[in-house]
Amino acid sequence: MSKEYNPQQIEKHWQQKWEEDGLYRSVIDTSREKFYFMTMLPYPSGNLHIGHWYAMSPSDARARFLRMKGYNVVFPMGFDAFGLPAENAAIKRKIHPKEWTYSNIDNMRRQLRSMGAMIDWEREAISSDPKYYKWTQWFFVQFFKNRLAYKKESPVDFCPNCNTTLAREQVWGEDRHCERCNTPVIKKNLNQWFFKITDYAEELLDFSAIDWPERVMAMQTNWIGRSEGAHVVFKTERGDEMPVFTTRPDTLWGATFMVMAPEHPLVDALTTAEQRAEVDAYVDMAARASDIEREATDREKTGVFTGAYAINPVNGDRIPIWISDYVLMTYGSGAIMAVPSHDERDFEFALKFGLPIIPVIDRIDGLAKSFVVNGSVKDGFDKALSDAGIAADKDKDGNIRVTLDTAQIDEYVALVEKHLQSGFWVEIVGGRWLFIFEDGVVPFNGVEADQAILARCKSLEPGVAENRTLMEMLAGQPFYQEALFHHEYGAMINSAKFTGTPGDAAKSTVTEWLEEQGIGHGAINYRLRDWLISRQRYWGAPIPMIHCPECGIVAVPEEELPVLLPDDVEFMPTGESPLKLHPTWRHVTCPQCGGPAERETDTMDTFMCSSWYQYRYLSPNCDFYPFDPEEGAYWLPVDQYTGGIEHATMHLLYTRFFTKAMRDCGVFDQIEPADPEHQPASIFDEPMTRLYNQGIILGEDREKMSKSRGNVIDPDDLVSKYGADTVRAYLMFAFKWDQGGPWDSQGIQGPIRFLNDVWNLVTAPQPGDGGSKAADNDVRALRRKTHQTILRVTRDIDEFSFNTAIAALMELKNTMQDYRSTPVAHTEAWDEAIRSLLLMLAPFTPHIAEELWAFIGEEYSIHQQAWPAAIEELAEEESITLIVQVNGKVRDRIVVPANIGEDEAKTRSLASENVQKHLGGKAPRKVIVVPGKLVNIVG
RNA sequence: GGGGCGGUGGCGGAAUGGCAGACGCGGCGGACUUAAAAUCCGCUUCCUCCGGGAGUGUGGGUUCGACUCCCACCCGCCCUACCA
C-alpha cells in the first residue's frame, strides 16, 4: 500500500473486485427482512450530471446503511430510454435514436460505476428494450380490455411550423413555444388515446397508506382539484339542455346570464342570425389564440352574445347566453351559470358588458356604505349622524361618506328620510341594498328592481344616463369599491323562499331542493383530466392497436407482442412520425376478421414506461409476465423511493394510478404475499410506501445549472480530481439533503482534508508513547466519543440527515487526532474507535473504508459487516458543565458530576460568587433545576 | 389569486422549550519553508467604558426560560392558476 491517499487507484480497484465478487447482487432470502430501495431512474442524455450524484449517492449511503443493519436490500438501476431528445439527435445529426440512446447508456453505466454505488446490475431495466416494452404494450392491452384506455378527439398542443403535435414536456417556457423551432404552440383537435385516471381521482386523494412528504401530497391534491357543488340543468329557450357545474348552488338566484366556451358544441346551433358574424369571428379568434394568450388572467375579459336565451330553472328568469374564452371547454361541462354578484370573473364580465348583477348572498362582515352627495340632504344631517354614533366623514367636495354597521341601517334610513332634499336619492350598499327616494325606500332585490330603480335615478340625475345597470352606476363611486362584491358563504338574500337560509346550510339546503325538483343534484368535479398517452413520435413504445375498417379498434393479440419498432425509418426534418411514412410497417391483417387493417402509428408517452419500472426491476428478463411473481411476493412494495420534487404531479401521480389500475386488472392476483402476517392487505394499492425528495444543486452563481450559463459542474472532472468518495462526502456534508443549495468549489476542501486525515490516522504509525500507560480518564473519554458518535450517526442516517452524520464523524476524527500522540493510541479503545470510524464511513465513502479496513487486517468486505452497536452506558457523560442562570441569563458555569442531584445543583449554584452578585443580596424567588443541564435562579 | 417551502455569522449549515452559531468553507495571526503550496497551532456574530450589553426576517403573546410553541405581518424561492 502506498503511503499517500490515492483515490483514483483504490476506487477502481475495489469497484472491480466488488463486481467480480457480485457483492451487490441481491437475491431472495426469506430468512432476512427485505428492503426495496429505489431512486428515480435517469434519462440517458449521455452524461450523469451533478444532480444525479446528489440524488443517488445519499440514497446509496442509506441503502448501504440498511444493508449493514441486516436488511436484505435491493438497489436497482435502469434507464428511461424512450423519448424525444433521441429523435431530435436523429434529425439533427443523422444518428439512429437507438444508436444514440445505447451509446449514451454505455457511458452512463460507466459513470454510475465510478460512483461506487451498490447497484445490482443484474436487475437493470431499459425501457426501450423490446423485452421491456413488450410488457409496456401488454399493460396497454390490459387497460384497453378493462376499459381504462380509450380513444377520443381532444385538443392537444400543436406546433404549426413543425406540423406535428407536441407532448406536454416538449412545450417550453412561459410563452409556451415549441422546443425544436421556438414557434408558439396552438391547440388542435386530434384523435388521441387516453387512460382513465379520472376514475381514480377519489382514491388518489387518499394518502393514508403511504408516508410521503406533505408537499407532494399537497401538490397532488391541488392537481386533482376536487370541488364539491352541484350539477344543475339549465334549458335554452329552444329546449336544449345546458348542464353546468357550480360550487355555489346557493347563488343560483343570482345567475343572470350564462357563458359557454367558444368551442362548446351548442354554440353554432344557438347563435341567432343577427349575432352570427360576431360569434363566428370570436370563435375563430379563440381558436387561433395560443393558450398563453387565452389564459393570461390579467387580460381584460372578452366575449360575444349569441342572441340566445336560457331559462334559470330556479326562478324562470330569461337570461342571455354569451360565449367567452374565460370559460374552458375542458373543465366541467364547458358552460357556466354566471353569478356576477359573487364570482369575481363573472362580476368583471358583467360590468364590462352591462349585464345585471344582483346580490343574493349577505355579507358576513356586515359592511355597509352610503355616499351622500353634497346638497342631497338638509343641514343638520351630519350632526344627526354623529348624535346617532354613525361613522361618517366629508370629502373635499362636501360629500358625506358613511360607513355603517348592519345594526345601524334602520336608524340611518330614518335619518336620511328625514333630511332628504327634494329631487335627490341616497343609497345604501353592501350589508343591505336600499335606495331611499323622497316617496319611500326601494330595495334593490332583483332584475326588475335593477331597471326600475335605475330609471328613477336617471330621471333625477342625467349624469348616470350612460349606465346600463345599477351595479355599473355604483361601481363608478370609488368609495363603494370593496362593498359591492364578495364571495363569502353568507346567508341567502333575494332568493325567493330560500331568503334567510344561513350560510353554513345554504349549499346543502339548495342542493337537496334541486334534487327534489329534478333540476339538479349534488356533484363532485375534478380538475384532473384523463391521461393523454398518444405521441405522434417514433422513439417510443408503439401503441399495440389495430384499426380495422370492419371491426373497428382491435388490440394486437398478446402472443404477438411486442409490436416492434421498425429500424429502417427516415426522419423528417418536420418531426413528423416516421411510422406514418414507413412503406410497410403500418399495413397488417386484422386479428379478428383477417382483412386488411392498419396499425396505430402513435407511440406511448414515456411516463407510461416509467410508471411500472419498479416491477420490471424485479426480473428484467422474465418472459412470461411483466415481473416474476415470486420476486414480487418477496420484494414488493418499494419501501423507499427517492427523487426530485419536479415529478410530483406527473410521474408520481401516474405511477400511483398505474399500480391501482394493475390491481384492478388483476395483475397482482398471482402473487402470494410472502408474509401475509406482516404485509397489509393494501400492499398493492400504492407503489412506494415511503418517499423522500432531495433538493437541487445550483451553480456557484446561485443560478440553476445550465450549459448556456456556463455554471455546470461536471462530476467526471471532480471524480478524476478528488475521487468519488470525496465527491460523495461533499454532496452529503454540504447541504441539507431536501434543501440543496449552491455549489462551492472551495467547500469541497473540507471533505478532502477529512478523508486525508482519516487516511493518515489509520495508516501512519502512531507517534505516541506505547510504553507508558494510558490514563483511564482518557480511555473512557475516547470510548465515550466513539459510542456517542455511533448513536448520532445511526439516528442521523435514519432521519436522512446526512450532513450532521458526517459532521459527527469529523468530530470523532478530531477527537482521535487529539489522542493520537498519547498512550491512548495504543489501547483497545483506540482500535475500537478506528474500526467504528471505518464502519460508519462505509456507507458514505465505500472505497476508502474498504481499503483501510483491509489495511488494518479486517475481513473482506467491510460492506458485509454489521453496523456498529452503541453501548449507551459508555456514551454517557461523567461530568457536565452546569449552566447557572440568573433570570434567564448565564452567570456562571460549574463542572459537576453528570448525575448531580437537584438539591446539590441548587446549593452549588447559589454558592457562586457571580450569582450572588447578580442577585444583589436578595433571596431567590424560585429556582428551576433542569437535571444535567442548567439551574435558573429567578430573583 | 391559491398552495407549498424557507428566512440563524462573510458562506454552507448545527441546535428533544434549556450555553445560539456544532461541523466545515472562507478570513485573520503565527509556526514550518529561500519562497509558495500543502501541513500544523491560535482567533474569527456584533457592540463595549472589558463590568457587560445586543443578537436567529418584523411586531406581539405563552413561559422561570423561545431559533424552537401560538397570533399577526414582511421578504425570498418553488409549484399552480380565468377550474365555475
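Note on naming: letters A, B, ... go to the chains in the order of the sequence lines (proteins, then strands), and numbering restarts at 1 for each one.
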With a 4.0 Å cut-off on heavy atoms, is A:Gly303 in touch with a base, just the backbone sugar-phosphate, or nothing at all? nothing

Which of B:rC11, B:rC64, B:rG53 is nearest the side chain of A:Arg702? It is B:rC11

Give A:Gly747 one of three labels, base, sugar-phosphate or nothing, depending on what nucleic acid heavy atoms sit under 4.0 Å from its own.
sugar-phosphate

| request: Return no unless some side-chain N or O of A:Gln885 is found under 4.0 Å from OP1 or OP2 of B:rG65. | output: no

Out of B:rG53, B:rG12, B:rC23, minimum distance to the side chain of A:Ala734 belongs to B:rG12

- Query: Does the distance from a Lys or Arg side-chain N to an Asp or Glu carboxylate O, for A:Arg792 and A:Glu811, drop under 4.0 Å?
  - Reply: yes

Give a yes/no answer on whether the side chain of A:Asn803 brings an N or O atom under 4.0 Å of OP1 or OP2 in B:rA14. yes

By nearest-nucleotide position on RNA chain B, the 5'-leaning member of A:Asn914 and A:Ser333 is A:Asn914

Mate of B:rC50 across any strand shown (Watson-Crick or G-U wobble, both atom pairs under 3.5 Å) is none

Among B:rG26, B:rC83, B:rG18, the one nearest any side-chain atom of A:Gln746 is B:rG26

Just call it for A:Lys813: base, sugar-phosphate, or nothing, with non-hydrogen atoms closer than 4.0 Å on any strand. nothing

task: State whether A:Lys889 places a side-chain N or O below 4.0 Å from either non-bridging phosphate oxygen (OP1 or OP2) of B:rA54.
output: yes

Per atom distances to the A:Arg345 side chain, the nearest of B:rC83, B:rG18, B:rA84 is B:rC83

Among B:rG3, B:rU16, B:rC82, the one nearest any side-chain atom of A:Asn222 is B:rG3

note: A:Arg527, atom CZ; B:rA84, atom P; distance rounded to Å ~ 10 Å

### Task
Compare side-chain N and O positions of A:Asn814 against OP1 and OP2 of B:rG24 and report whether any pair is under 4.0 Å apart.
yes

Any strand, both distances under 3.5 Å, Watson-Crick or G-U wobble: B:rG18 pairs with B:rC64

Here the distance between atom C1' of B:rC5 and atom CG of A:Asn693, to the nearest Å, is 12 Å

Among the nucleotides B:rG18, B:rC82, B:rG12, whichever has the atom closest to the side chain of A:Pro742 is B:rG12

Phosphate OP1/OP2 of B:rC77 contacted by A:Arg215 side-chain N/O (<4.0 Å) = no

(request) Select base, sugar-phosphate, or nothing to describe what A:Lys917 touches, counting heavy atoms under 4.0 Å on all strands. (result) sugar-phosphate

Exercise. Looking only at side-chain N and O atoms, does A:Lys736 come under 4.0 Å of OP1 or OP2 in B:rG13?
Worked result: no

(Q) Under 4.0 Å, counting only non-hydrogen atoms across every strand here, what does A:Val930 touch: a base, just sugar-phosphate, or nothing? (A) base

If pairing means Watson-Crick or G-U wobble with both distances under 3.5 Å, then the partner of B:rC77 is B:rG4

Check: Expressed as a whole number of Å, how far does the P atom of B:rA20 sit from that of B:rC67?
Finding: 9 Å

* Kindly say whether the aromatic ring centers of A:Phe257 and A:Phe353 come within a distance under 6.0 Å. => no

A:Leu812 CG to B:rA22 C1', in whole Å, measures 15 Å

Of B:rA84, B:rG24, B:rU80, the nucleotide closest to the side chain of A:Phe733 is B:rG24

Relative to its sugar, using the 90° cut-off around 0, the base of B:rG9 is syn

Is it true that A:Lys736 and A:Asp738 make a salt bridge, defined as a side-chain N closer than 4.0 Å to a carboxylate O?
no

Side-chain N or O of A:Ser227 closer than 4.0 Å to phosphate OP1/OP2 of B:rA84
yes

Applying the 3.5 Å cut-off to both distances, the Watson-Crick or G-U partner of B:rC25 turns out to be B:rG10

**Asked** Can A:Arg527 be said to sit on top of A:Trp223's aromatic six-ring, NZ or CZ under 6.0 Å from centre and within 45° of the ring axis?
**Response** yes

Among the nucleotides B:rA81, B:rA84, B:rG52, whichever has the atom closest to the side chain of A:Thr246 is B:rA84

A:Glu811 CD to B:rA14 C1', in whole Å, measures 10 Å

Task: Geometric cation-pi criterion, A:Lys301 with A:Phe349: 6.0 Å, 45° - done: no

To the nearest angstrom, the CG-P distance between A:Asp744 and B:rC25 comes to 11 Å

**Asked** Would you say the side chains of A:Thr198 and A:Tyr526 form a donor-acceptor pair under 3.5 Å?
**Response** no

Of A:Gly334 and A:Val938, the one whose nearest nucleotide on RNA chain B sits closer to the 5' end is A:Val938

Next on the checklist: Applying a 4.0 Å non-hydrogen cut-off, can you work out what A:Arg795 is touching in the nucleic acid: base, sugar-phosphate, or nothing?
Outcome noted: nothing

Is the ring centre of A:Phe607 less than 6.0 Å from the ring centre of A:Trp531?
-> no

_Pairwise P distance for B:rC40 and B:rC74, with rounding to whole Å_ = 50 Å

Paired with A:Tyr730, the ring pair (Phe, Tyr, Trp, His ring centres under 6.0 Å) test is passed by just one of A:Phe754, A:Trp53, A:Trp743, A:Tyr54, namely A:Trp743

| request: For B:rG12 and B:rG7, measure between their P atoms and round to the nearest Å. | output: 11 Å

With the side chain defined as heavy atoms from C-beta on, A:Tyr331 is closest, among B:rG12, B:rC64, B:rC83, to B:rC83

Counting the atoms with a prime plus P, OP1 and OP2 as sugar-phosphate, which does A:Asn936 contact under 4.0 Å by heavy atoms, base, sugar-phosphate, or nothing? base

Testing B:rG18, B:rA81, B:rC82 for proximity to the side chain of A:Lys301, the answer is B:rC82

Do any side-chain nitrogens or oxygens of A:Arg753 fall under 4.0 Å of OP1 or OP2 in B:rC25?
yes

Taken to the nearest whole Å, CG/A:Asn525 to P/B:rA84 is 8 Å

Next item on the list: Could you walk me through whether A:Phe844 and A:Arg728 pass the side-chain contact (heavy atoms from CB on, under 4.5 Å) test, one step at a time?
Entry: CA-CA 7 Å; A:Phe844 302 104; A:Arg728 291 169 60 107; 5.8 Å; no

_Residue-phosphate contact under 4.0 Å: A:Arg226 side-chain N/O, B:rC83 OP1/OP2_ = no

- What is the nucleic acid contact for A:Gly750, judged by heavy atoms within less than 4.0 Å: base, sugar-phosphate only, or nothing? sugar-phosphate

A:Asp738 CG to B:rC78 C1', in whole Å, measures 14 Å

Atom CE of A:Met337 and atom P of B:rC83 are separated, to the nearest Å, by 15 Å

